[in-house]
Amino acid sequence: MAVMESIATTSLLGHSPLHGRVSVRDISGKQKPISYRVRVTEFTGRRIVVSPLLPRLKADRLVNLGVEARAIELTKEVHAYREEERSPKNWKDEIEAGIVQKPDLWPPENRADKPSLRNPRLRHERMGCGWIAAIFEWEGVIIKDNPELEKQAWLTLAEEEGRSPIPAFMLRRIEGTKNEQAISEILCWSRDPTSVKRMAARKEEIYQSLQGGVYRFCEGSSEFVDILMHYNIPMALVSTRPRKTLEAAMRTIGIEECFSAIVAAEDVCRGKPDPEMFLYAAQLLEFIAERCIVFGNSNQTVEAAHEARMKCVAVANKHLVYELRAADLVVRRLDELSIVDLKNLADIESPEFGSGEPIPEMEIEEENDEPPASTAIGDGIFW
């Protein structure tokens, strides 16, 4: 049995609530007070008609209910977002259908990052422009080359094999290629692997006899290699010469300890302008291609480096500067460069961000409502 103890704050002219407290007995027989609130809906004479009893809610409880409801909504949104992340969305079908465009992520993914590294400082260094590697060509960059000796070696081999003299434009085409590639694909002397290998070895013997085993540094190359060694920048050496010849030449001039990797003719199938040599050198150095800088002295080197998505510094010791304008940077000698120049070069248009794939552009045809022009032929007019 409930007994009303007090009623307060009552207005008989509107719908103001009536507040009070009642006492009820629970199962154990103890009295327990409960707050309530009633609303006045009608006043007739001395009679008050009220709505059913409602539990009273304190002001702070009303505020807490609003906060809790908002928190529940936010929690549901977070769970829905996580579920959407767990289930990979097929952007390809929607993009092809023209429904939606794939959103760009920020910050963009950096392929130089290596999450398996436990040291945050090392991960940060990899993503900076100071994490670079240098790939040098042997002849024309480190040591001086003599193109006339190369041409003379090919002409001598052609005479020994009973072939006609090689034209000058053909000699320019085989510059930078492997001997086997030049014999089988450019000169087309033979397709037999044994014959091709024999002629390639013979051509190398002729060149070495003409060269005489004398090697001289290019201007500034030795000083620049010392600078890179001082800053602990990994270096690789690439050449289409046989490994035995290359290692002997490096011992002669005393730079065998400077390079962390060597790529010789036996390591690749094709020479320039194929990027195989540079890609293999980057793999040996354990660097991504986008963080490697190639140093060469010809347009074939520039083409191969850009094909491998590497930056290229051209040394204008055989060509004019304007002839090498396709390179990212052109110098006359290597000691003109500094470590800051290499970092700035690596920081320009960093291709390691994003997918790196070119975005195809759709050509939009303009609608022309005008009739096609007429063409008069003889006495008739044809549309």
Side-chain angles (χ1 to χ4, degrees), residues 129 132-148 150-151 171-178 215-228 231 233-241 246 255 258-259 261-263 268 270-282 285 287-352:
C129 61
I132 55 177
I135 301 177
F136 291 89
E137 282 192 323
W138 172 243
E139 294 176 330
V141 178
I142 299 296
I143 65 167
K144 294 183 178 180
D145 63 339
N146 192 340
E148 294 299 325
E150 189 76 16
K151 295 178 182 179
L171 291 173
R172 287 193 297 268
R173 283 190 59 190
I174 63 180
E175 289 182 4
T177 61
K178 286 186 62 177
Y215 303 97
R216 292 180 299 171
F217 280 107
C218 292
E219 289 80 3
S221 60
S222 178
E223 293 80 2
F224 185 67
V225 170
D226 293 338
I227 292 175
L228 297 187
Y231 287 98
I233 294 181
M235 293 179 287
L237 189 66
V238 299
S239 175
T240 54
R241 300 293 177 193
L246 190 59
I255 60 171
C258 299
F259 296 93
I262 298 175
V263 178
V268 294
R270 304 176 64 84
K272 298 178 298 183
D274 194 281
E276 183 181 0
M277 291 191 304
F278 302 135
L279 291 174
Y280 184 56
L285 294 174
F287 271 71
I288 61 175
E290 292 83 358
R291 290 303 182 91
C292 295
I293 302 178
V294 177
F295 297 85
N297 69 335
S298 63
N299 284 314
Q300 289 87 345
T301 304
V302 177
E303 181 181 353
H306 288 172
E307 184 69 20
R309 302 185 66 200
M310 300 179 182
K311 299 296 176 62
C312 183
V313 176
V315 183
N317 52 17
K318 185 173 65 173
H319 299 275
L320 299 176
V321 173
Y322 73 88
E323 294 178 346
L324 301 171
R325 60 182 179 273
D328 299 284
L329 189 63
V330 182
V331 295
R332 287 184 170 85
R333 39 189 297 162
L334 286 178
D335 57 356
E336 297 177 4
L337 296 170
S338 65
I339 190 65
V340 177
D341 297 328
L342 300 185
K343 289 183 178 181
N344 292 336
L345 185 62
D347 192 45
I348 297 176
E349 298 178 359
S350 299
E352 68 272 15

> So, does Asn299 use its side chain to make a donor-acceptor pair with the main chain of Glu323 at under 3.5 Å?
Replying inline: yes

> Would you say Asn317's side chain and Gly140's backbone share a donor-acceptor pair under 3.5 angstrom?
Replying inline: yes

> Measuring from Lys272:NZ to Glu307:CD, what's the distance to the nearest 0.5 Å?
Replying inline: 15.0 Å

>> Taking Asp328's backbone N and O only, do any of them form a donor-acceptor pair with Lys311's side chain (distance below 3.5 Å, no angle check)?
In response: no

>> side-chain contact (heavy atoms from CB on, under 4.5 Å), that's the test. Do Leu329 and Ile293 meet it? Break it down for me.
In response: CA-CA 10 Å; Leu329 189 63; Ile293 302 178; over 6 Å; no

> Side chains of Thr301 and Glu137: donor-acceptor distance under 3.5 Å anywhere?
Replying inline: yes

> Are any non-hydrogen side-chain atoms of Asp341 and Val313 less than 4.5 angstrom apart?
Replying inline: no

>> Quick check: do Ile339 and Ile233 have side-chain heavy atoms less than 4.5 Å from each other?
In response: yes

> Do the side chains of Arg332 and Val321 get nearer than 4.5 Å, heavy atoms only?
Replying inline: yes

>> Going by ring-ring contact (aromatic ring centres under 6.0 Å, His included), name the pairs with one or both residues in residues 288-312, residues two or more places apart or in two chains.
In response: Phe136-Phe295, Phe224-Phe295

>> With a 4.0 Å cut-off on N to O distance, would you call Glu148 and Lys318 a salt bridge?
In response: no

> What distance separates Ser222 OG from Ile143 CD1, expressed to the nearest 0.5 Å?
Replying inline: 13.0 Å

> Do Ile142 and Phe259 have side-chain heavy atoms sitting under 4.5 Å apart?
Replying inline: yes

> Measuring from Leu246:CG to Arg241:CZ, what's the distance to the nearest 0.5 Å?
Replying inline: 9.5 Å

> Can you find a pair of side-chain heavy atoms, one from Cys292 and one from Phe278, that are under 4.5 Å apart?
Replying inline: no

>> Give me the atom names and distance for the closest heavy-atom approach of Gly296 to Val141.
In response: CA-CG2, 3.6 Å

>> Walk me through whether Glu219 and Asp335 qualify under side-chain contact (heavy atoms from CB on, under 4.5 Å).
In response: CA-CA 8 Å; Glu219 289 80 3; Asp335 57 356; over 6 Å; no

>> Assess the residue pair Val268 and Asp274 against the criterion (side-chain contact (heavy atoms from CB on, under 4.5 Å)); give the C-alpha distance rounded to whole Å, side-chain angles, the decisive distance to 0.1 Å, and a yes or no.
In response: CA-CA 10 Å; Val268 294; Asp274 194 281; over 6 Å; no

>> Looking at every heavy atom in both Leu285 and Ala236, which two are closest together, and how far apart are they?
In response: CD1-CB, 3.7 Å

> What are the two closest heavy atoms between Ala304 and Pro275, and how far apart are they?
Replying inline: O-CB, 3.3 Å

>> Quick check for you: to the nearest 0.5 Å, what is the distance between His319 atom NE2 and Ser298 atom OG?
In response: 5.5 Å

> Between atom OG of Ser221 and atom CZ of Arg216, what is the distance when rounded to the nearest 0.5 Å?
Replying inline: 12.0 Å

> Any side-chain heavy atom of Thr240 sitting closer than 4.5 Å to one from Thr177?
Replying inline: no

> Of the non-hydrogen atoms in Met310 and Ala289, which two are nearest, and what is the gap between them?
Replying inline: CG-O, 3.1 Å

>> Working to the nearest 0.5 angstrom, can you tell me the gap between Glu336 CD and Glu223 CD?
In response: 12.0 Å

>> Strictly distance-based, threshold 3.5 Å: is any side-chain N or O of Glu276 a donor or acceptor partner for the main-chain N or O of Arg270?
In response: yes

> Any idea which heavy atoms bring Leu324 and Ala316 closest together, and the distance?
Replying inline: CD1-CA, 3.9 Å

